[in-house]
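Taking it in order: structure first as structure tokens, then the write-up.
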Number of protein chains: 2
Amino acid sequence: MDTTWAHQLREAGLRVTRPRLSVLGVLADHPHADAETIVNGAREQHPSLSPQAVYGVLKAFVAAGIARRIEPAGAPALFELRVGDNHHHLVCRSCGAVADVDCTVGAAPCLIPSDTAGFVIDEAEVVFWGLCRQCQDRARQVAAGAEAVQYEQQEIRGGARA
Amino acid sequence: MDTTWAHQLREAGLRVTRPRLSVLGVLADHPHADAETIVNGAREQHPSLSPQAVYGVLKAFVAAGIARRIEPAGAPALFELRVGDNHHHLVCRSCGAVADVDCTVGAAPCLIPSDTAGFVIDEAEVVFWGLCRQCQDRARQVAAGAEAVQYEQQEIRGGARA
DNA sequence: ACCCTTTTCTTGACTGGGTCAAGAAAAGGA
DNA sequence: TCCTTTTCTTGACCCAGTCAAGAAAAGGGT
């Protein structure tokens, strides 16, 4: 698979280097990784790798079109190898988890506004904001916990004890 | 109109202060202003206003629901008073200009993905990326200029001169 | 296999956009 | 008016990322 990635890099007109292969590896394992995750992951194969090198690698990937950068509001940028299919993203407001959503159209721009205000549009970026399953569960537990606490406090205030 | 804004602030449960009124004024004049623009604008009415005060005011506005914060990738955050109608944005890739697009649905989330991956979705944020009219014109001019230069160079290379 | 040019990585300084914290000032209800 | 609470000022600090200069590595030509 290193071979495959080396091939991909050459196809994209990029030299094949260890930092680049490591970053590709991390990106394959973590489909929506931020720079920090990538640095940590890549260091397993290349311990001396610097953050700046990773920023450089990622910028080269994005410029070459083999990676895409997404920037959900309020979070560091994320990078993904899935490119060219104009898919969209679900983002968890609570934990920041990201999931892909296939675009039903598949080609950019998949949506066109009624009034373009004179703009020429080349892409419609869609972010669906919500709560991932884990965070829904956690919220339910917290709510239940709060209820229990309320109940206890009521009992204590009332003076009754089981 | 100061009166109106004061009223709006009170409605939102916020105290009426000069910094807040100034920021509201700037936001009314610049419907998609970044923090710096707001600081500069607000200082016309309140010269000693600090950037931190503006950040605080904006945070209070967003928390109170009288302003909305948008963060187009690669640009500082923008603030707008138009709130609660779930509209979307056109953003110019070249100059960063922003225009509003009415949402045909009007209530969030206006879009729902086919596969929610277990997420509960409360909002679909849509950003249309493109080129505003000015930047289209400028791009055309540059292209025309580049052609002219190419032509000259060809003539020079070929040795011919008019 | 080796050299040479070009690209890439390392190191380290620096920036932009913003947050956090403590005390001073102002808002507005009793 | 006084008093409490909120808000603003001042200044330190932080995160994510960029810029620049030199060292190292890639890979084409011989």
Side-chain angles (χ1 to χ4, degrees), chain A residues 2-3 5-26 32-43 45-64 66-79 96, chain B residues 2-3 5-26 32-40 42-43 45-64 66-67 69-79 96:
Chain A
D2 260 29
T3 324
W5 286 333
H7 195 75
Q8 267 219 283
L9 288 172
R10 285 206 191 81
E11 291 259 296
L14 296 173
R15 290 188 177 178
V16 177
T17 69
R18 196 136 64 90
R20 286 174 179 175
L21 293 172
S22 311
V23 170
L24 278 178
V26 177
H32 304 101
D34 61 13
E36 195 191 349
T37 303
I38 295 169
V39 170
N40 293 339
R43 278 183 172 159
Q45 290 174 57
H46 188 152
S48 69
L49 190 64
S50 67
Q52 286 74 356
V54 169
Y55 284 117
V57 167
L58 291 170
K59 190 178 276 195
F61 284 5
V62 171
I66 63 176
R68 183 174 160 203
R69 176 188 188 126
I70 60 176
E71 301 185 37
L78 304 177
F79 296 86
Chain B
D2 258 31
T3 323
W5 286 333
H7 196 74
Q8 265 219 284
L9 288 171
R10 284 206 193 82
E11 291 260 295
L14 296 173
R15 289 189 177 175
V16 177
T17 69
R18 196 135 65 90
R20 286 175 179 173
L21 292 172
S22 310
V23 169
L24 277 178
V26 177
H32 303 102
D34 61 13
E36 195 191 348
T37 303
I38 295 170
V39 171
N40 293 338
R43 278 184 173 159
Q45 290 173 54
H46 188 152
S48 68
L49 191 64
S50 67
Q52 286 75 355
V54 170
Y55 284 117
V57 167
L58 291 170
K59 191 177 278 194
F61 284 4
V62 171
I66 64 176
R69 176 188 187 125
I70 60 176
E71 300 184 39
L78 305 177
F79 297 86

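- The residue B:Arg18 sits apart from the nucleic acid: no heavy atom pair falls under 4.0 Å.
- Residue-to-nucleotide proximity on DNA chain D shows that, of A:Pro76 and B:Val57, the 5′-proximal contact is made by B:Val57.
- Atom NE2 of A:His32 and atom CD1 of A:Ile70 lie 5.5 Å apart (nearest 0.5 Å).
- With a heavy-atom cut-off of 4.0 Å to chain A, the contacted part of DNA chain D has its first and last nucleotide at D:dA16 to D:dG27.
- A distance-only check finds no donor-acceptor pair linking the side chain of B:Arg69 to the backbone of B:Leu58 [under 3.5 Å].
- Looking at heavy-atom distances under 4.0 Å, B:Ala60 makes no contact with the nucleic acid at all.
- Listed pair B:Arg69 / C:dG18 meets the phosphate criterion, a side-chain N or O lying under 4.0 Å from OP1 or OP2.
- In this structure, A:Ser50 and A:Arg43 approach most closely via the heavy-atom pair CA-NH2, 4.0 Å.
- Note: NE2 (B:His7) to C1' (C:dG28) measures 17 Å, nearest angstrom.
- Between the side chains of B:Thr37 and B:Asp34, at least one donor-acceptor pair of N or O atoms lies under 3.5 Å.
- A residue-by-residue look at A:Pro19 and A:Arg15 shows that A:Arg15 has its nearest nucleotide of DNA chain C further toward the 5' end.
- Between the CG atom of B:Leu14 and the C1' atom of C:dA27 there is a distance of 12 Å, rounded to whole Å.
- In this structure, B:Thr17 reaches the sugar-phosphate backbone alone: every heavy-atom distance under 4.0 Å involves primed, P, OP1 or OP2 atoms, never a base.
- Projected onto DNA chain C by closest heavy-atom contact, A:Gly13 and B:Asp34 fall at different nucleotides, the more 5' of which corresponds to A:Gly13.
- Under the 4.5 Å side-chain criterion, counting only non-hydrogen atoms from C-beta, B:Leu24 is not in contact with B:Val57.
- A:Arg20 places none of its side-chain heavy atoms less than 4.5 Å from the side chain of A:Val16.
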